[in-house]
**Q** 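Next up is a structure, given as structure tokens.
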2 protein chains.
Amino acid sequence: MSTQLYNLAQQLQQAIRSSNDFQQLKHAYEEVRRDETAYRMFTYFRDLQMQLHQKQLMGTSISPEEVEQAQNAMTQAQRNEKLANLMEIEQRMSMVMADIQQIAMKPLEELYRSFAE
Amino acid sequence: MSTQLYNLAQQLQQAIRSSNDFQQLKHAYEEVRRDETAYRMFTYFRDLQMQLHQKQLMGTSISPEEVEQAQNAMTQAQRNEKLANLMEIEQRMSMVMADIQQIAMKPLEELYRSFAE
Ligand SMILES: [Ca+2]
Ligand SMILES: [Ca+2]
């Protein structure tokens, strides 16, 4: 990677770290971590999601019971104020990262598109 | 997204577009496009890869014949000088983009890691 690209990537990292969205995310995580109930629900939900994701990657079928179990865990998590808050901020942060990714990938995307025509 | 993040993402886009790797990639694509044989092999190989990727996403099994077909297409592509060159530069560009992505994602990765401990 060129020095210019490296420096810009580092500046971007620093700007992400200092951004309101990231600071809010960090705070929301700490709030959940400090709350035993919220934290237990969070780890349960995350483990469940990871298991389902693993199955998808492996091409293993997911049973209706497993889908229901995940939906129930999600509903429970949404009812917990601190978890609902964390998930909302996580989603916002994901969108910011996706936007950055899209802007950075644009030259490549344009090149591929012009080539596919 | 904050103005600062947006501006940095735009600067990164511009730096990627001006980078040697991207300019070389663009040139390698044009070389392939100008060569009927190379371009036909390229589109055949790309379509084959997309079909296999679709099957993976759908959880559809891929037959040994399909794997062999893809491997043969890859071997043929590697024997074509212009395609081999394009694939080499594509791989280098992918690594640059992955490095940028990793640097930008570091604050989030650190946050998730500290939370999982
Ligand atoms: Ca407590
Ligand atoms: Ca020709």
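Below, all heavy atoms of this structure are taken into account, side chains as well, without hydrogens, waters or symmetry copies. Throughout, a chain's letter reflects where its sequence line sits, starting with A, and its residues are numbered from 1.
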**Q** With distance as the sole test, does A:Gln23 use its side chain to make a donor-acceptor pair with the main-chain N or O of A:Arg17 at under 3.5 Å?
**A** yes
**Q** Could you report the tightest heavy-atom contact between B:Ala38 and B:Leu83, atom names first, then the distance?
**A** O-CD1, 3.6 Å
**Q** Taking all heavy atoms of B:Ala73 and all of B:Leu48, pick out the closest pair and write down the distance.
**A** CB-CD2, 3.8 Å
**Q** With a 4.5 angstrom heavy-atom cut-off, is it the side chain or the backbone of A:Gln11 that approaches chain B, or both, or neither?
**A** both
**Q** Can A:Met95 be reached from A:Ile103 by stepping across I, L, V, M, F, W or Y side chains whose heavy atoms are under 4.5 Å apart?
**A** no
**Q** For A:Leu108, which atoms come within 4.5 Å of any heavy atom of chain B: side chain, backbone, both, or neither?
**A** both
**Q** Can you tell which part of A:Asp99 gets under 4.5 Å to a heavy atom of chain B, answering side chain, backbone, both or neither?
**A** both
**Q** Below 4.5 Å from any heavy atom of chain B, which atoms of A:Leu5 appear? Answer side chain, backbone, both or neither.
**A** both
**Q** Can you say whether A:Ser19 sits under 4.5 Å from chain B via the side chain, the backbone, both, or neither, judging by heavy atoms?
**A** side chain
**Q** So, A:Lys26 and A:Glu30, do they make that salt bridge, N to O below 4.0 Å?
**A** no
**Q** Is it true that the side chains of B:Ser18 and B:Gln14 contain a donor and an acceptor less than 3.5 Å apart?
**A** yes
**Q** Counting heavy-atom pairs under 4.5 Å with chain A, which one of B:Leu25, B:Leu111, B:Val96 comes out on top?
**A** B:Leu111
**Q** Examine whether an atom of A:Arg46 lies under 4.5 Å from a heavy atom of chain B, and if so say whether it belongs to the side chain, the backbone or both; otherwise answer neither.
**A** side chain
**Q** Heavy-atom distances under 4.5 Å only: say whether A:Met105 touches chain B with side chain, backbone, both or neither.
**A** both
**Q** Check whether A:Gln4 gets within reach of chain B through its side chain, its backbone, both or neither, counting any heavy atom under 4.5 Å.
**A** side chain
**Q** Under a 3.5 Å threshold, yes or no: a donor from one side chain and an acceptor from the other, between A:Tyr44 and A:Gln76?
**A** no
